[in-house]
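Each residue takes its place number in the sequence, starting with 1. From a predicted model like this one, the values you see are computed outputs, not experimental measurements.
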Amino acid sequence: MIGTGKLAFAGGIVLCSAVMAVAQPRDFTVVAFGGNTQDGMRAAYFTPFAAAKGIRVLEESWDGGIGVIQSRVQAGTPNWDLVEVEAEELALGCFDGLYEKIDWSKIGNKDDFLPQAVSPCGVGTFVWSTALAYDGDALAEGPKSWADFWDVQKFPGQRALRRGPKYTLEFALMADGVPAAEVYEVLATPEGVDRAFAKLDELKPNLVWWEAGAQPLQLLATGEVAMTSVYSGRVAGVNRYEGRNLKIVWEGSIPAVDSWVILKGSPHVDLAHEFIAFASQPERLAQLPEYVAYGPPTKAGTALVREDLRADLPTTPENMEGTLPLDVDFWVDNLEELNQRFNAWIGQ
């Protein structure tokens, strides 16, 4: 999700009357993370919404970071209205009062959305996942779980994980036999943290660390690792456009939700609600997976996705079995402490 910093306009109809100029001091501005995802949003949401409303929608892209939002809101009236944020940015910004409260009566029925997609300050726009992946051409019988990921006797070779405690500690506990539904309960105890690091000790000689989302796919391509954690949406893209045969193990994957938030002080709060409602229509949500394999945050949206694309989505019912939804509150509360311990451990 790397932004380009470019500006673009969606739609070609501009309201130019003096009355509208007073009512709308600037264009409605939507901000997302760029790349293929924003290309899909432009086609499915931005351009059709601009045409339907007879307005101009300005779009920007960004690289994330709660500090960016803080600076824009604290400076006064922000020049961004609606922003795509990750789960931690949603939680932190909501707590700090950086977002307008969502009027769900203008969006739809909360029960139509996945629980993780519903917040007082945000509305889920898509679901992505961090999962185990391997090259199906290199491993005819691949791993089925994180326990297999740790089994270097059965599956020789190096492994790769994202550098940092988040996801890594959850995977370690599942590899050690903790059921997905109990992982955060265990990880919330000092003994659970010790257990996760002890499990990491077992695999440390065989670990390679990645930081950018493209790296694990490169590591698989070169054969440097036998398997890796990966952002699931990238796997489908590589398979689709590069003819690869990468496989995802959905059991034990960690899905997370990106959401729309309205920045505090936006002059376009009502219009932002209209946009979110428009972009949350099942037929709109079902278009995004044609560009990137992220799942709609509603069951109705997933049901309308083209059948040939559903197997790659984290929200397909069979792919959701045995998964561990990211506990955002746990990481907001514990990330700093666990980062310190992880960095000390990795340096040993």
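Of the N and O atoms on the side chains of Trp345 and Asp201, at least one donor lies less than 3.5 Å from an acceptor on the other residue. For the residue pair Arg72/Asn79, the side-chain donor-acceptor check at 3.5 Å is satisfied. In the model, Glu224 has no side-chain atom that pairs as donor or acceptor with a side-chain atom of Gln158 under 3.5 Å.
When the salt bridge (charged side-chain N to carboxylate O under 4.0 Å, His left out) test is applied to Glu202, the partners found at least two apart in sequence or on another chain are Lys199. Residues forming a salt bridge (charged side-chain N to carboxylate O under 4.0 Å, His left out) with Asp111 (at least two apart in sequence, or on another chain): none. Shown here are the salt bridge (charged side-chain N to carboxylate O under 4.0 Å, His left out) partners of Arg341, two or more places apart in sequence or in another chain: Asp194. The side-chain contact (heavy atoms from CB on, under 4.5 Å) search around Ser71 returns none, not counting sequence neighbours. Listed by chain and residue number, nothing satisfies the salt bridge (charged side-chain N to carboxylate O under 4.0 Å, His left out) test with Asp103 (two or more places apart in sequence, or in another chain).
Residue pairs that meet the side chain to side chain donor-acceptor pair (under 3.5 Å) test with at least one member in residues 180-189, sequence neighbours left out, are Glu170-Tyr184. Legend: ring-ring contact (aromatic ring centres under 6.0 Å, His included) pairs involving residues 77-108, not counting sequence neighbours, sorted by first then second residue: Trp62-Trp80, Trp104-Phe113. Here disulfide bond (SG atoms under 2.5 Å apart) pairs that include residues 287-348, with residues two or more places apart or in two chains, number zero. Listed by first and then second residue, the disulfide bond (SG atoms under 2.5 Å apart) pairs involving residues 62-136 are Cys94-Cys121 (not counting sequence neighbours).
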Please set out all donor-acceptor pairs under 3.5 angstrom arising from side-chain atoms of residues 130-143, sequence neighbours excluded.
from, atom 1, to, atom 2, distance (Å)
Asp135, OD1, Asp137, N, 2.9
Asp137, OD1, Asn245, ND2, 3.1

Pair up each side-chain donor or acceptor in residues 210-218 with any protein partner under 3.5 Å, not counting sequence neighbours, and list the distances.
from, atom 1, to, atom 2, distance (Å)
Trp210, NE1, Ser229, O, 3.2
Trp210, NE1, Ser229, OG, 3.1
Gln215, OE1, Glu211, N, 2.8
Gln215, OE1, Ala212, N, 2.6

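Between Thr316 and Val305 there is no side-chain heavy-atom pair separated by less than 4.5 Å. Taking 4.5 Å as the limit, some side-chain heavy atom of Leu92 sits within range of a side-chain heavy atom of Val332. Side-chain contact between Leu98 and Gln70 is present, with at least one heavy-atom pair separated by less than 4.5 Å. The closest side-chain heavy-atom distance from Pro289 to Asp312 is not below 4.5 Å. With a 4.5 Å cut-off on side-chain heavy atoms, Val328 and Phe330 do not count as touching. At a threshold of 4.5 Å between non-hydrogen side-chain atoms, the residues Val249 and Met227 do not count as touching.
As a member of the Ile/Leu/Val/Met/Phe/Trp/Tyr network built from side-chain separations under 4.5 Å, Met320 groups with Leu114, Val127, Val257.
By the criterion of side-chain heavy atoms lying less than 4.5 angstrom apart, applied directly or through intervening Ile, Leu, Val, Met, Phe, Trp or Tyr residues, Leu271 is grouped together with Leu263 in one hydrophobic cluster.
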